[in-house]
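The structure presented is a predicted model; accordingly, all values stated were derived computationally and were not measured.
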Number of protein chains: 2
Amino acid sequence: MMRKLKKAAKARGERLHHSLAQDIGARILKGEFAPGALLPNEAEWCDAYGVSRTAVREAIKMLAAKGLIVSRPKIGSRVQPRDSWNLLDRDVLAWYWATSDQHRFLANVQEMREILEPEAAALAALNHTAPQLAEIDAAYRGMVEAPTIADWNVSDVKFHLAILGAAGNELLVPLGFLIESALSNMFAFTATHNTDMRKALPLHEAILNAIRRRNPQAARRASRILLADTNSVIGRSRKPAARRAAGRKR
Amino acid sequence: MMRKLKKAAKARGERLHHSLAQDIGARILKGEFAPGALLPNEAEWCDAYGVSRTAVREAIKMLAAKGLIVSRPKIGSRVQPRDSWNLLDRDVLAWYWATSDQHRFLANVQEMREILEPEAAALAALNHTAPQLAEIDAAYRGMVEAPTIADWNVSDVKFHLAILGAAGNELLVPLGFLIESALSNMFAFTATHNTDMRKALPLHEAILNAIRRRNPQAARRASRILLADTNSVIGRSRKPAARRAAGRKR
DNA sequence: ATTGCCTTTTTATAATACAAATGAATCGGG
DNA sequence: CCCGATTCATTTGTATTATAAAAAGGCAAT
């Protein structure tokens with residue numbers, strides 16, 4: 001490793017401390033340093049990567065800010081228990097994604113969408129303001145008129161984020177961004193998602209119209225159908241948990 | 001401000017850079033530095049707080065790791081647009097909570113619980129493993145035998161977190177921690193929540209039994225009733241959005 | 001007017017010194 | 001021999017200084 005980091009940082013236009021944080025963070029999530037374990041001390045990091053203590057310390061502070069480690073004098077930097085890792089952080093999620101069972105992770109993300117988006121659509125039907133509705137409408141028209149698949153995807157994401165924004169719950173918005181960023185890590189998704197835009201488009205229209213008519217039940221229903229449809233494309237059974245629960249007691 | 005920071009840090013057993021990050025972060029969320037605005041440069045921070053550049057830089061790196069700011073040479077540190085703030089971070093959420101309309105924020109948190117927990121309970125009914133069920137059961141018994149209200153609350157939180165853990169979706173767990181930490185910021189909640197433990201206890205038992213019997217519908221239903229009950233105690237109408245939507249078109 | 005080169009400001013990195021915290025070893029008293 | 005206080009050593013925390021790199025803004029030449 002070592003010297004390569006400096007060149008990699010320069011090549012990607014990243015600062016040293018940022019690259020260091022990325023590298024160390026990824027190594028922690030990869031399991032190279034287990035929770036409770038003691039990391040190498042600052043001098044060793046300097047030596048291993050050939051950088052100054054300043055850069056190392058700033059990287060460590062970034063990881064501490066994400067809940068991965070804590071530093072104490074004389075002790076060193078210790079990896080925190082997984083519970084205090086901020087898994088809802090973009091970086092941490094990306095590191096996690098890179099080392100997890102990707103199929104299962106994708107299923108989890110999709111499951112989160114199934115939980116959140118229908119309710120968000122229903123709330124949006126109740127709570128949306130005029131500009132928020134216009135934003136959803138604009139995204140929908142962007143999908144209709146999309147010249148390429150890539151454009152369609154961009155508008156698709158905007159559509160769903162706009163609905164989360166219109167739901168009137170500030171916590172839903174960052175969750176939406178998180179899910180979006182998680183999905184954007186999975187090219188496989190975007191590649192297969194829109195093989196049947198022709199099916200998806202009327203469903204999006206149904207959601208839009210239900211929100212416009214302030215009909216939460218209809219919005220929720222249409223959103224559920226759309227997500228179920230997405231599932232079939234992804235190749236995930238509607239109840240992936242059913243398998244695990246097969247050996248149930250009663 | 002200035003000199004006081006050092007004493008405050010020492011009194012709370014915090015490091016300087018940590019206290020600095022807390023203070024600057026809170027000021028950003030308070031709106032003292034708007035998104036897009038340029039922060040004072042490092043020298044000015046050193047001067048204002050009477051600390052070294054090292055401490056300032058480490059604090060800045062922590063805030064950058066939480067998505068609040070970005071630093072670039074010759075430019076300085078600029079406050080990021082709200083969209084890239086990591087609102088799902090414990091600290092950021094706490095800063096936000098301190099400056100927001102607290103009643104509305106509490107309503108949002110409760111709304112998130114209503115979205116997440118019934119579905120989590122249903123998933124837990126399908127997916128739970130034996131040790132996970134035992135954990136839920138232990139938390140329930142902790143509630144039954146709780147000698148004081150404080151003990152009851154501890155077990156209550158454990159109960160709900162255990163259900164999220166048993167749902168088999170890794171993203172639900174950190175969300176649960178986040179909601180818990182948000183709620184723990186609001187003493188008002190814990191103070192009023194358990195005025196009628198007698199009502200809440202059988203509902204918890206119903207959820208536990210539904211999960212044990214692997215009956216997702218029953219688990220979801222019981223969870224919904226429990227949350228609706230909590231709402232009435234909190235003094236929030238079941239559909240707070242209904243007011244805003246009163247002037248609807250159809 | 002546009003292009004490319006300076007200048008200058010600010011962060012980025014490095015190097016060094018000392019302070020503070022704390023686990024471990026050591027010493028002293030019982 | 002055991003126990004407690006003390007000292008010691010190690011590691012992070014903070015401060016200071018120096019230098020490098022980035023980039024906006026001005027300057028000049030074409």
Side-chain angles (χ1 to χ4, degrees), chain A residues 1-24 28 33 36-65 67-80, chain B residues 1-24 28 33 36-65 67-80:
Chain A
M1 63 188 66
M2 53 228 79
R3 299 282 148 179
K4 285 193 175 178
L5 189 84
K6 282 196 176 179
K7 291 177 183 173
K10 204 160 193 176
R12 283 183 293 179
E14 283 177 353
R15 312 291 168 203
L16 257 185
H17 59 261
H18 187 263
S19 301
L20 252 177
Q22 290 286 327
D23 199 76
I24 300 177
I28 290 175
F33 305 102
L38 221 54
L39 262 56
N41 65 31
E42 296 175 351
E44 292 175 89
W45 285 124
C46 296
D47 193 38
Y49 287 99
V51 298
S52 76
R53 210 183 139 202
T54 307
V56 169
R57 281 185 59 79
E58 289 176 359
I60 295 226
K61 291 295 161 292
M62 295 187 73
L63 297 178
L68 292 189
I69 56 181
V70 284
S71 300
R72 295 181 60 195
K74 161 72 182 176
I75 309 295
S77 293
R78 191 177 293 279
V79 180
Q80 290 271 74
Chain B
M1 62 192 64
M2 53 228 78
R3 299 284 149 177
K4 285 192 175 177
L5 190 85
K6 282 196 177 180
K7 291 177 183 172
K10 203 159 193 174
R12 284 183 291 177
E14 282 178 355
R15 312 292 167 200
L16 258 186
H17 58 260
H18 187 264
S19 300
L20 253 178
Q22 289 286 326
D23 200 75
I24 299 177
I28 290 174
F33 305 101
L38 220 55
L39 262 56
N41 66 29
E42 296 175 349
E44 292 176 88
W45 286 124
C46 297
D47 194 38
Y49 286 98
V51 298
S52 76
R53 213 184 134 203
T54 307
V56 169
R57 282 185 60 79
E58 289 177 359
I60 296 235
K61 291 295 160 292
M62 296 187 73
L63 297 178
L68 293 189
I69 56 182
V70 284
S71 300
R72 294 181 62 194
K74 161 71 183 177
I75 309 295
S77 293
R78 192 178 292 279
V79 179
Q80 290 271 73

Which heavy atom in [X] sits nearest to a heavy atom in [Y], and how many Å separate them?
X	Y	value
A:Ala21	A:Leu63	O-CD2, 3.6 Å
B:Ala65	A:Met62	CB-O, 3.7 Å
B:Cys46	B:Ser52	SG-C, 3.7 Å
B:Ala59	B:Leu20	CB-CB, 3.6 Å

### Task
Using atom types as modelled and distance alone, determine if a side-chain donor or acceptor of B:Arg78 lies under 3.5 Å from a backbone N or O of B:Val70.
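Absent.
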### Message
Under the rule for salt bridge (Lys or Arg N to Asp or Glu O under 4.0 Å), what residues qualify as partners of B:Glu44, not counting sequence neighbours?
### Response
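None.
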### Message
Checking B:Arg53 now: which residues fulfil salt bridge (Lys or Arg N to Asp or Glu O under 4.0 Å) with it, not counting sequence neighbours?
### Response
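Here the qualifying residues are B:Glu42.
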### Task
Describe, as an angle rounded to 10 degrees, how the axis at the first end of the helix from C:dA1-D:dT30 to C:dG30-D:dC1 is tilted relative to the axis at the last end, five pairs per end.
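The angle separating the two end axes equals 10°.
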### Task
Supply the atom-to-atom distance B:His17 NE2 to A:Arg57 CZ, rounded to the nearest 0.5 angstrom.
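If I round to the nearest 0.5 Å, the distance is 6.5 Å.
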### Query
For A:Ala64, what residues pass the side chain to side chain contact (heavy atoms under 4.5 Å, CB included) criterion, not counting sequence neighbours?
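Residues passing side chain to side chain contact (heavy atoms under 4.5 Å, CB included) with A:Ala64: A:Ile69.
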### Message
Does A:Trp45 form a side-chain contact (heavy atoms from CB on, under 4.5 Å) with A:Leu39? I'd like the steps, not just the answer.
### Response
CA-CA 9 Å; A:Trp45 285 124; A:Leu39 262 56; 4.0 Å; yes
### Under 4.0 Å protein heavy-atom contacts per nucleotide of nucleotides 4-14 of chain D, with B for base, S for backbone only and - for none
------BBBBB
### Query
Of all nucleotides in DNA chain C with an atom under 4.0 Å from a non-hydrogen atom of chain A, which is the first and which the last going 5' to 3'?
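Here the contact window of chain A covers C:dA12 to C:dG23.
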